[in-house]
Amino acid sequence: MSFYTESEERQALRKAVGELGKKYGYEWFDKQARSGGNTSELWAEAGKLGYLGVNLPEEYGGGGGGMGDLSIVLEELGTAGCPLLMMVVSSSIVGTVITRFGTAEQKQQWLPGLADGSTTMAFAITEPDAGSNSHQITTTARRTDDGWALSGRKVFISGLDVAQAMLVVGRTEDARTGKLKPALFVVPTDAAGVEFQQIEMDLISPDKQFTLFLDDVQLPREALVGSEDAALMQLFAGLNPERIMASAFAIGIARHALGKALAYVKERQVWNTPIGAHQAIAHPLAQVKIELELARLMMQKAAALYDAGDDLGAGEAANMAKYAAGEVAVRATDQAVQSLGGNGMTKEYGVAALSTAARAARIAPVSREMILNFVAQHSLGLPKSY
């Protein structure tokens with residue numbers, strides 16, 4: 001099977017997840033967002049049905065599949081209007097890092113819960129003064145007699161209100177050189193010294209963002225995931241799945257917006273014919289469809305390369321997919337609003353609120369500018385600019 005044509009199993013997965021998504025849908029998702037609720041109900045059902053852990057090993061309760069399978073789950077839920085943002089983090093980054101680099105004990109402790117949805121894990125990397133530069137992270141782990149003491153501050157950390165634990169990117173001090181080295185730690189969200197505050201966002205979403213404070217959090221030795229010396233490599237191993245899933249999130253939003261626009265312009269009549277017959281409406285929507293298919297194809301390529309073990313090839317494709325998906329999400333939501341005219345700005349039709357979510361896809365988890373830097377340097381061989 002190539003990524004051009006999906007297997008019968010993946011087509012069946014796509015259909016089944018689509019049915020689950022329709023059961024909840026945009027109205028439910030929007031109600032949760034506007035009432036201060038969350039998506040835990042859908043998360044629990046998706047986990048129970050095995051969708052959240054399709055990429056995790058079977059021996060730990062997962063589906064034994066890959067990122068191609070997991071991206072289908074998020075894309076179809078997004079298309080139905082109820083995307084699960086924490087899939088980008090919990091199933092994808094954290095699940096991947098623990099699967100690839102965790103000890104047998106860590107895998108047994110965390111993977112079954114990630115697979116069945118009973119455990120949600122957040123990912124804490126971004127800092128106020130580091131931004132996209134992970135080399136500037138200042139959250140520091142100090143060795144103690146029993147393990148580690150972790151201190152620092154993180155921002156824009158998703159889902160701490162629903163997560164039982166988080167994978168924190170910190171730094172340890174090299175005993176020989178005194179320099180700080182990246183390291184990954186599993187930290188329970190209810191540990192002493194852990195505090196978080198919600199960031200007020202102009203974004204209608206049930207997925208909330210937080211500032212995280214770590215004040216001398218005491219951790220056991222086994223909180224460290226993988227090798228202390230190889231943490232940067234381990235971190236980047238989780239970022240390709242993150243970009244693939246961020247692409248799936250954006251593509252789902254774009255498909256949902258396009259679907260709403262098409263349903264409207266096929267019915268709406270002003271001059272005795274549906275407005276969708278007019279090229280001023282039809283052509284921009286056709287452009288969205290083309291760009292949507294191109295972005296999805298690159299996402300499928302990235303997932304296929306990653307699942308085949310080609311981390312380097314997957315890195316280039318995943319960044320390109322994330323760029324393309326973010327761009328088409330913005331174009332699709334904007335064109336949906338324009339196609340609906342005044343109705344596009346109403347709560348009833350539910351397309352204007354999608355615009356901010358789509359806009360976020362150009363910023364997080366990696367900005368379009370940083371992707372362009374990556375492609376310029378690694379794909380085109382141009383000198384590094386920073």
| task | Show your reasoning for whether side-chain contact (heavy atoms from CB on, under 4.5 Å) applies to Tyr349 and Val337. | result | CA-CA 9 Å; Tyr349 284 88; Val337 171; over 6 Å; no

| field | Steps toward side-chain contact (heavy atoms from CB on, under 4.5 Å) verdict (Asp207, Ser158) | value | CA-CA 7 Å; Asp207 299 297; Ser158 303; 5.8 Å; no

| Ionic contact status for Glu75 with Arg14, cut-off 4.0 Å | yes

| query | Hey, quick one: are Phe374 and Met298 part of the same hydrophobic cluster, counting side-chain heavy atoms closer than 4.5 Å, chains of contacts allowed? | reply | yes

| field | Side-chain heavy atoms of Glu316 within contact of His378, under 4.5 Å | value | no

| Transitive ILVMFWY side-chain link Ile253 to Leu20, under 4.5 Å | yes

| said: Is there a side-chain contact (heavy atoms from CB on, under 4.5 Å) between Met121 and Val89? Walk through the geometry before answering. | reply: CA-CA 7 Å; Met121 292 182 74; Val89 178; over 6 Å; no

| query | Quick one: does Ile251's side chain get under 4.5 Å of Leu74's, heavy atoms only? | reply | no

| request: Could you tell me whether the side chain of Phe101 reaches within less than 4.5 Å of the side chain of Gln106, counting heavy atoms only? | output: no

| field | Cation-aromatic face contact Lys384/Tyr386, 6.0 Å, 45 degrees | value | yes

| Are the side chain of Thr273 and the backbone of Trp271 linked by a donor-acceptor contact shorter than 3.5 Å? | no

| task | Would you confirm whether Glu127, through its side chain, and Thr139, through its main-chain N or O, come within 3.5 Å as a donor-acceptor pair? | result | yes

| remark: Here the pair of heavy atoms bringing Phe249 nearest to Pro83 is CE1-CB, 3.4 Å

| Test item: Lys181 side-chain N/O and Thr172 main-chain N/O as donor-acceptor pair under 3.5 Å | no

| Donor-acceptor contact below 3.5 Å, side chain Asp307 vs main chain Met67 | yes

| query | Hydrophobic cluster mates of Leu150, side-chain heavy atoms under 4.5 angstrom, ILVMFWY only, any path? | reply | Trp148, Ile157, Leu160, Met166, Val168, Phe185, Val187, Val194, Phe196, Phe210, Leu212, Leu214, Val217, Leu219, Leu224

| Do the side chains of Glu9 and Asp69 get nearer than 4.5 Å, heavy atoms only? | no

| query | What is the minimum heavy-atom distance between Gly344 and Val351, and which atoms define it? | reply | O-CG2, 3.3 Å

| Worked verdict on Asp146 versus Thr144 for side-chain hydrogen bond (donor to acceptor under 3.5 Å, both in side chains) | CA-CA 5 Å; Asp146 300 322; Thr144 65; 5.5 Å; no

| said: Please check: side-chain N/O of Arg221 versus main-chain N/O of Asp145, any donor-acceptor pairing under 3.5 Å? | reply: yes

| remark: Partner of Ile371 under side-chain contact (heavy atoms from CB on, under 4.5 Å), picked from Met320, Lys322, Arg362, is Lys322

| request: Take Gln164 and Thr189 through the test side-chain hydrogen bond (donor to acceptor under 3.5 Å, both in side chains) and record every step on the way to the result. | output: CA-CA 6 Å; Gln164 290 73 45; Thr189 50; over 6 Å; no

| query | Salt-bridged, Arg296 to Glu293, with N to O below 4.0 Å? | reply | yes

| remark: Heavy-atom closest pair (Leu84 atom, Ala46 atom, distance to 0.1 Å) is CD1-CB, 4.4 Å

| said: On a heavy-atom basis, which atom in Gly276 and which in Ala282 lie closest, and how many Å separate them? | reply: O-CB, 3.5 Å

| query | Do other residues, nucleotides or ligands put more than 12 heavy atoms under 6.0 Å from Gln218 CD? | reply | yes

| said: Quick one, Lys107 and Ile98 - any side-chain contact, counting heavy atoms below 4.5 Å? | reply: yes

| Which atom names give the shortest non-hydrogen contact between Val328 and Ala295, and what distance separates them? | CG1-CB, 4.3 Å

| Quick check: does any side chain N or O of Gln234 sit under 3.5 Å from a backbone N or O of Val97, one acting as donor and the other as acceptor? | no

| said: Between Lys208 and Val162, is there a side-chain heavy-atom distance shorter than 4.5 Å? | reply: no

| request: Might you point out which heavy atoms bring Leu285 and Ser339 nearest each other, and give the distance in Å? | output: CD2-OG, 3.9 Å

| For Ala318, does its backbone N or O pair with a side-chain atom of Asn240 as donor and acceptor, under 3.5 Å? | no

| request: Assign the ring pair Tyr24 / Trp28 to parallel, tilted or perpendicular, where the plane angle (0 to 90°) is split at 30° and 60°. | output: perpendicular

| task | Give a yes or no answer on whether the side chain of Asn373 reaches the backbone of Ser385 with a donor-acceptor pair at less than 3.5 Å. | result | no

| Any side-chain heavy-atom pair of Arg243 and Leu239 under 4.5 Å | yes

| request: Please check if the side chain of Ser90 supplies one atom and the backbone of Met87 the other of a donor-acceptor pair under 3.5 Å. | output: no

| message | If you define the side chain from C-beta out and look only at heavy atoms, does anything of Gln338 sit under 4.5 Å from Pro284? | response | no

| Short question: side chain of Ser7, backbone of Arg10 - any donor-acceptor pair under 3.5 Å? | yes

| request: Begin with the C-alpha distance, continue with both residues' side-chain angles, and end with the deciding distance and a verdict on side-chain contact (heavy atoms from CB on, under 4.5 Å) for Asp202 and Thr356. | output: CA-CA 8 Å; Asp202 268 350; Thr356 316; 5.6 Å; no

